[in-house]
> 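One structure, pasted below without further comment.
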Amino acid sequence: MNNDQQQQVPGYLLTILRIYLGVILLYTVIGKLTASSSFVDEMLGFINFEIKAGRPAGFYTGFLQSVVVPNAKLFSYLIMIGESFAGLGFLLGAFNRVCSIIAIVLFVNYMLAKGRWFWSPDSEDAAVFFIALILLLGKAGRFWGLDSKFGKYWPKLV
C-alpha cells in the first residue's frame, strides 16, 4: 500500500480517547488529594496487602520492598504529579507523547503491583495502558490540542 491508500484513525476518535484518559487521570488524583487519609498511607496499605496476597511477581515484590516502601512519600508524590501532569496534558492536547509515556509507566507499574498482567480479564489498567499506547502512536495531541500549535513553532519537539 502506498501512502495515499493507507487508512488513518480519524482525529476526533483520538481526541475522544485523549480526553477520556485525561479525565480518568485527573479524577484519580483528585481522589488521592481529597481523601480523608494521606495517599502515602493508602499506597503503603495497598502495597502491603498485595504483597501479603502474593500477587506481584517476585522481581517486582523485591522492588516494592526495597525501593518503593522505604521511599513511600517520594513515590506517592511522583504518582500524583505524574497523574496530574498527564491528565492535564491529555485534556489540553499538550505534550501528548510525554503524557502518554508517563501514563504507560504508571499503568504498567499498577499492573505489576496488582499482579494483573495484560491478559488478565479484570485488568482495567491494561485497557488504559493500550489507550495511552494508541495516543502515543497516533499523535493525538495534533487534533484539537495545543500540540498542533506547538508543532508549528517547534516541529521536532512535538
Side-chain angles (χ1 to χ4, degrees), residues 9-53 55-57 60-61 63-65 67-151 157-158:
V9 177
Y12 71 90
L13 291 177
L14 292 173
T15 302
I16 291 169
L17 288 175
R18 190 188 81 220
I19 291 171
Y20 172 74
L21 190 53
V23 168
I24 287 174
L25 288 166
L26 288 178
Y27 182 77
T28 58
V29 79
I30 288 170
K32 291 174 175 98
L33 293 170
T34 60
S36 57
S37 61
S38 74
F39 177 58
V40 179
D41 296 334
E42 287 185 30
M43 185 183 79
L44 286 172
F46 165 76
I47 290 170
N48 289 326
F49 176 82
E50 295 294 331
I51 289 173
K52 285 180 186 173
R55 291 190 181 116
Y60 200 72
T61 299
F63 170 73
L64 290 171
Q65 290 173 328
V67 178
V68 177
V69 171
N71 301 295
K73 192 170 188 174
L74 171 66
F75 276 89
S76 70
Y77 285 125
L78 289 174
I79 289 168
M80 291 188 290
I81 289 168
E83 289 177 347
S84 298
F85 182 83
L88 284 172
F90 283 139
L91 284 181
L92 298 172
F95 309 108
N96 184 76
R97 289 192 171 171
V98 173
C99 295
S100 297
I101 291 168
I102 291 170
I104 287 169
V105 169
L106 287 168
F107 295 126
V108 165
N109 278 283
Y110 299 157
M111 283 189 288
L112 290 171
K114 295 175 185 176
R116 292 189 182 107
W117 303 94
F118 292 104
W119 53 85
S120 299
D122 62 343
S123 180
E124 66 277 352
D125 296 317
V128 287
F129 165 87
F130 283 111
I131 291 173
L133 183 62
I134 289 167
L135 295 176
L136 174 67
L137 299 175
K139 302 178 186 177
R142 296 274 180 142
F143 305 99
W144 299 319
L146 293 177
D147 278 354
S148 64
K149 306 289 185 222
F150 298 153
L157 178 66
V158 180

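By convention here, the first residue in the shown sequence is residue 1. Heavy atoms only: backbone and side chains are in, while hydrogens, waters and symmetry mates are out.
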> Got a sec: does the OH of Y27 have more than 12 other heavy atoms crowding it under 6.0 Å?
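Count not over threshold, so no.
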> Decide side chain to side chain contact (heavy atoms under 4.5 Å, CB included) for I79 and M43; before the verdict, give the C-alpha distance in whole Å, the side-chain angles of both, and the deciding distance to 0.1 Å.
CA-CA 10 Å; I79 289 168; M43 185 183 79; 3.7 Å; yes
> Identify, with sequence neighbours excluded, every residue that meets ring pair (Phe, Tyr, Trp, His ring centres under 6.0 Å) alongside F63.
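F63 satisfies ring pair (Phe, Tyr, Trp, His ring centres under 6.0 Å) with Y60 once adjacent residues are dropped.
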> By ring pair (Phe, Tyr, Trp, His ring centres under 6.0 Å), which residues pair with F39, not counting sequence neighbours?
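F39 satisfies ring pair (Phe, Tyr, Trp, His ring centres under 6.0 Å) with no other residue.
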> For L91, what residues pass the side-chain contact (heavy atoms from CB on, under 4.5 Å) criterion, not counting sequence neighbours?
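Applying side-chain contact (heavy atoms from CB on, under 4.5 Å) to L91 gives I19, V23, L26.
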> Report the distance from atom CG of L133 to atom CZ of F107, rounding to the nearest 0.5 Å.
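So the gap between those two atoms works out to 12.5 Å.
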> Can you name the one residue among V105, L106, L112 that meets side chain to side chain contact (heavy atoms under 4.5 Å, CB included) with V108?
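Only one option passes, and that is L112.
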> Mind checking what makes side-chain contact (heavy atoms from CB on, under 4.5 Å) contact with V40, not counting sequence neighbours?
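Only S38, L44, A72, K73, S76 meet the side-chain contact (heavy atoms from CB on, under 4.5 Å) criterion with V40.
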> Taking only residues two or more places apart in sequence or in another chain, which ones pass side-chain contact (heavy atoms from CB on, under 4.5 Å) with L17?
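With sequence neighbours excluded, L17 shows a side-chain contact (heavy atoms from CB on, under 4.5 Å) to I131, I134, L135, given in chain and number order.
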> At what distance, to the nearest 0.5 angstrom, does CG of L88 lie from SG of C99?
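Interatomic distance, L88 CG to C99 SG, rounded to 0.5 Å: 8.5 Å.
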> Once side-chain contact (heavy atoms from CB on, under 4.5 Å) is applied, do any residues pair with T61, and if so which ones, sequence neighbours excluded?
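Expected list: I51, P56, Q65.
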> I'd like to check F129 versus M111 (side-chain heavy atoms, cut-off strictly below 4.5 Å). Are they in contact?
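Sidechains of M111 and F129: in contact.
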> Nearest 0.5 Å, what's the CG-CD distance between L33 and E83?
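The CG atom of L33 sits 9.0 Å away from the CD atom of E83.
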> Would you please test K114 and D125 for salt bridge (charged side-chain N to carboxylate O under 4.0 Å, His left out) and show each step?
CA-CA 10 Å; K114 295 175 185 176; D125 296 317; 2.8 Å; yes
> Grab the two heavy atoms, one from I104 and one from L136, that are nearest each other, plus how far apart they are.
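Closest pair (atom of I104, atom of L136, distance): CD1-CD2, 4.1 Å.
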> Near F118 CZ, under 6.0 Å, is it more than 12 heavy atoms from other residues, nucleotides or ligands?
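More than 12 heavy atoms, drawn from other residues, nucleotides or ligands, come within 6.0 Å of this atom.
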> What is the minimum heavy-atom distance between F85 and V98, and which atoms define it?
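Smallest heavy-atom distance, with atoms named: CE2-CG1, 3.9 Å.
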> About how many Å separate OH of Y20 and CZ of F90, when rounded to the nearest 0.5 Å?
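Reported to 0.5 Å precision, the distance equals 13.0 Å.
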> Looking at T28 and L25, what are the two nearest heavy atoms and their distance?
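T28 and L25 have their closest heavy atoms at OG1-O, 2.8 Å.
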> Are R116 and E124 within salt-bridge range, i.e. N to O under 4.0 Å?
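Salt bridge absent between R116 and E124.
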> Working to the nearest 0.5 angstrom, can you tell me the gap between S37 OG and K32 NZ?
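Taking OG in S37 and NZ in K32, the distance rounds to 12.0 Å.
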> Let's go through F49 and K52 carefully: what are the C-alpha distance in whole Å and the side-chain angles of both, what is the deciding distance for side chain to side chain contact (heavy atoms under 4.5 Å, CB included) to 0.1 Å, and is it a yes or a no?
CA-CA 5 Å; F49 176 82; K52 285 180 186 173; 6.0 Å; no
